[in-house]
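Bear in mind the structure is a predicted one, so any value in this text is a computation, not a measurement. Every chain is numbered from 1 and lettered A, B, ... according to where its sequence line falls, protein lines coming before strand lines. Heavy atoms only: backbone and side chains are in, while hydrogens, waters and symmetry mates are out.
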2 protein chains.
Amino acid sequence: MAESGAPTQRESMADRIYQALKEDIFEFRLIPGDKFSESDIAQRLSASRTPVREALYRLEREGYVDVLFRSGWQIRQLDFKQIEELYDLRITLERAAMHKICRLDKPPPALRLLNDIWNPDAPSERAFGSTVRALDESFHCELVAAAGNDEMTQVHQRITDRLRIVRRLDFTRPDRIDATYREHAEILQALIANNPGEAAEKMTAHIRTSQEAVKGISLERIREVSQQHRRREPGCP
Amino acid sequence: MAESGAPTQRESMADRIYQALKEDIFEFRLIPGDKFSESDIAQRLSASRTPVREALYRLEREGYVDVLFRSGWQIRQLDFKQIEELYDLRITLERAAMHKICRLDKPPPALRLLNDIWNPDAPSERAFGSTVRALDESFHCELVAAAGNDEMTQVHQRITDRLRIVRRLDFTRPDRIDATYREHAEILQALIANNPGEAAEKMTAHIRTSQEAVKGISLERIREVSQQHRRREPGCP
DNA sequence: TAACACATTCTTGTATACAAGATTGCAACC
DNA sequence: GGTTGCAATCTTGTATACAAGAATGTGTTA
């Protein structure tokens, strides 16, 4: 649905700023601890403070930034307890999705489509690097969406966004990529065989692996990656 | 925790307006379909448009109002599919909470406290009417909180808020109050007996009952109740 | 009466002005 | 050097001004 039918309003300035800032965070151009003021952003993005504030408050409610009363804004620090809890909640939702999918009248088309990706006939069709990361994310999101509860899908999407930053630091080791293909394939097989219990167990184990990998992350690691990114695409803030 | 220790900032105007509007919605002073402008609210609450907008956008993201481009704001219509999905998600979360509670090292104190309320030694200690409604809400919220995942608790709280409007129209028939006491007591007994499966099943059935009761709700019913409220406390918008 | 044209009013979205207070830099002093 | 006092600057929170366009009411015409 590109450019959906209702052109009630062009994308507002506030939306653009929101998107831009969120991308800055995901791309490590803004990292935890970075401080800035509303005027900084407004100047950089050629806007006034009003839409900037709107975007920032949205990001604040979603957990990405903190506002310090009369002392500027700050990219929120990593909170490892929170990350654990978000993973935990993700597991709860995705397990529930497994059961819901198996209770559907007929298997959703997404199952076949995903199976084509993760059970490729020719192993050479496998993707690499950052593509796998994006594919992995959409695997989980599409499975939850296939369960048919939009509210659940939205909550899950918000969690996925929130965890993207730390997950970007994983997904480097090739053995994990191999394992991801294998585990996704097994989950899909269990779903197609209408075995929700097995699918849920395999999904739990799969996510726990990711959760474990993320535990080693530190602010230093983020700084490193941020530096690498900056060197590759210079001229940014 | 009244007036928590960090007086970093007095409650902002935007916060006050947000709370006031949310209460207006919960108390049926604003009902689905009602239209108004930012200036209306600003004048009524003696503020400027800026904090009003902030509050409104927050309410919009939480699903309570819609902004119509250059045509004012509107209390969001009831969406029965969404209500179904929210109930469904609530069941998912509360079932998960049952299992989490039983996996804790030792039973949380909340269990005993809740048991004192819902398994009262003397049946005469039972609460009535709107008190039961509030107690029921906190029963569910506190159980989820007892599971120990703050992120889950927050998501659940948001869902609870969102469903409060329709749940207020339930909880009138005395037989439902009796049943609520019985069902809550049974859930707590199952938890104390460390039987998560049974607790989850009973919780599911309990919530489904509420979900069914809510299905009969219509906009007309809300209008009626709104009129009653207005008559009782006149002088409001 | 019904329908159309036009002008007025109203609405949001954005930009800017102002207020209260936090932060910071610097000079003076021990 | 280390600390204190103070003023200049910066910051958010709120109020207001303006712009583009939607909604509405009114007068006119048939």
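- Cation-pi geometry between A:Arg208 and A:Tyr87 is not met: the NZ or CZ atom fails to fall both under 6.0 Å from the ring centre and inside 45° of the normal.
- Remark on DNA chain C: of its neighbouring residues A:Ser46 and A:Ser71, the 5'-side contact belongs to A:Ser46, judged by nearest-heavy-atom nucleotide.
- For A:Gln74 and D:dT11, the CD to C1' distance is 14 Å, given to the nearest whole Å.
- Comparing A:Glu38 and B:Ala47 by the nucleotide of DNA chain D that holds the closest heavy atom to each, the one mapping nearer the 5' end is A:Glu38.
- Atom CD in A:Glu60 sits roughly 12 Å away from atom C1' in D:dT12 (whole-Å rounding).
- Aromatic ring centroids of A:Trp73 and A:Tyr57 lie under 6.0 Å apart.
- Contact check, B:Ser37 against C:dC10: no side-chain N or O comes under 4.0 Å of OP1 or OP2.
- Computed from coordinates, the A:Phe69 CZ to C:dA19 P distance equals 16 Å when rounded to whole Å.
- The NZ atom of B:Lys35 lies 5.5 Å from the CG atom of B:Leu68; values are rounded to the nearest 0.5 Å.
- Straight-line distance from the CD1 atom of A:Ile41 to the C1' atom of D:dT12: 14 Å, rounded to whole Å.
- The side chain of A:Tyr57 places an N or O atom within less than 4.0 Å of a non-bridging phosphate oxygen (OP1 or OP2) of D:dG13.
- Atom pair B:Trp73:CH2 and C:dC10:P shows a separation of 20 Å (rounding to whole Å applied).
- For B:Arg70 against D:dA23, a side-chain-to-base donor-acceptor contact under 3.5 Å is absent.
- By the 4.0 Å N-to-carboxylate-O rule, B:Glu62 lies too far from B:Arg158 to be salt-bridged with it.
- As a whole-Å value, the separation of A:Arg49 CZ from D:dT16 P is 16 Å.
- A parallel orientation is assigned to the rings of B:His206 and B:His140, their planes being inclined by less than 30° (bins at 30° and 60°).
- As rounded to whole Å, 11 Å separates atom P of D:dA15 from atom CD of B:Glu54.
- OP1 and OP2 of D:dT16 both lie 4.0 Å or more from every side-chain N or O belonging to B:Ser48.
- Atom CG of A:Asp66 is separated from atom C1' of D:dT12 by 15 Å (rounded to the nearest Å).
- Comparing B:Thr50 and B:Phe36 against DNA chain C, the residue whose closest nucleotide sits nearer the 5' end is B:Phe36.
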